[in-house]
Amino acid sequence: MTFEILLLIIILVAALILFSIEYVSAEVIGLGVMIVLLLTGLLTPQEAFAGFGSDAVILILGLLIMTAGLVRTGAVDVIGRLILRRTGENPNRMILMVMVGAAGLSAFMSNTAATAFFVPIAIGLANRTGVNSARLLMPVAFASILSSSVTLISSSSNIIVSGVITRYDLAPLGLFELTLVGIPILFAGLVYMYFIGRRMIPVRP
């Protein structure tokens with residue numbers, strides 16, 4: 001084992017410990033790891049800052065900005081009222097509408113951003129109808145994750161992989177290249193979550 005490998009292992013272990021104790025925010029730890037790798041010479045300045053010029057990073061940032069715009073313009077409140085108007089106070093309809101909405105939105109934007117968009121909607125619906133918020137939040141989370149294979153842009157992982165494979169003289173992934181696999185996974189997951197999974201969600205005060 002070389003000194004560089006040992007030093008890298010020490011840095012990774014230190015980062016994992018800091019992530020686990022949550023004393024410092026994850027963003028600060030990630031940036032700190034990059035700076036330490038740069039100062040120790042394990043990365044060159046070009047390698048350390050290459051990610052900031054990546055098309056994948058810019059695309060993910062743009063999707064998050066779009067989500068923030070939807071929240072600030074009041075689109076969240078409008079969608080929440082529309083869902084409540086169609087479902088009334090029926091929790092079964094509400095869960096179904098929230099899952100389908102989150103999955104549909106997540107298919108065409110980052111699933112993280114789609115979840116961030118639907119979280120305030122789910123909490124608002126829960127407060128208005130008296131439904132425990134966990135009953136809506138967990139289905140939102142699972143629906144967003146399940147739709148991450150429907151299109152290229154539905155997950156940051158897909159975007160990053162598509163960007164990486166071009167370095168090896170391979171064609172990037174198409175927008176709907178994963179759809180034939182992703183839709184059956186999404187459908188099966190939503191059916192399971194609606195009939196079985198949601199009954200396993202613990203109700204906490």
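Bear in mind the structure is a predicted one, so any value in this text is a computation, not a measurement. Residues: numbered from 1 along the sequence shown.
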Checklist entry - Side-chain heavy atoms under 4.5 angstrom apart, residues restricted to Ile, Leu, Val, Met, Phe, Trp, Tyr: same cluster for L96 and M200? => result yes

Checklist entry - Any link between V36 and F3 through a network of hydrophobic side chains (Ile, Leu, Val, Met, Phe, Trp, Tyr) touching at under 4.5 Å? => result yes

Between [atom1] on residue [X] and [atom2] on residue [Y], distance to nearest 0.5 Å:
X	Y	atom1	atom2	value
M94	L136	CE	CG	6.5 Å
M193	L186	CE	CG	13.0 Å
R135	N92	CZ	CG	10.5 Å
L190	I185	CG	CD1	12.0 Å
Y192	R198	OH	CZ	12.5 Å
I95	M138	CD1	CE	12.0 Å

Contact check, side chains of [X] and [Y], non-hydrogen atoms, under 4.5 Å:
X	Y	value
L84	R128	yes
I121	V140	no
T115	I145	no
S154	N111	no
T2	I5	yes
V150	L178	no
L37	M34	no
Y23	L18	no

Checklist entry - Given the rule in the side chain to side chain donor-acceptor pair (under 3.5 Å) test, do S148 and S155 qualify, once you have shown the distances and angles that lead to the verdict? => result CA-CA 5 Å; S148 62; S155 171; 5.0 Å; no

Item to check | Any donor-acceptor N/O pair, S162 side chain to L173 backbone, under 3.5 Å | outcome: yes

Item to check | V131/L125 under side chain to side chain contact (heavy atoms under 4.5 Å, CB included): CA gap, chis, key distance, verdict | outcome: CA-CA 8 Å; V131 176; L125 290 173; over 6 Å; no

Taking all heavy atoms of [X] and all of [Y], pick out the closest pair and write down the distance.
X	Y	answer
L7	T40	CD2-CB, 3.7 Å
A15	V33	CB-CG2, 3.7 Å
A143	M99	CB-O, 3.4 Å
L152	G174	CB-O, 3.7 Å

Next on the checklist: Would S147 and S106 count as a side chain to side chain donor-acceptor pair (under 3.5 Å) here? Give the steps.
Outcome noted: CA-CA 6 Å; S147 62; S106 180; 2.9 Å; yes

Item to check | Residues, nucleotides or ligands: over 12 heavy atoms within 6.0 Å of R86 CZ | outcome: no

Next on the checklist: For F19, is the CZ atom crowded, meaning more than 12 foreign heavy atoms sit under 6.0 Å from it?
Outcome noted: yes

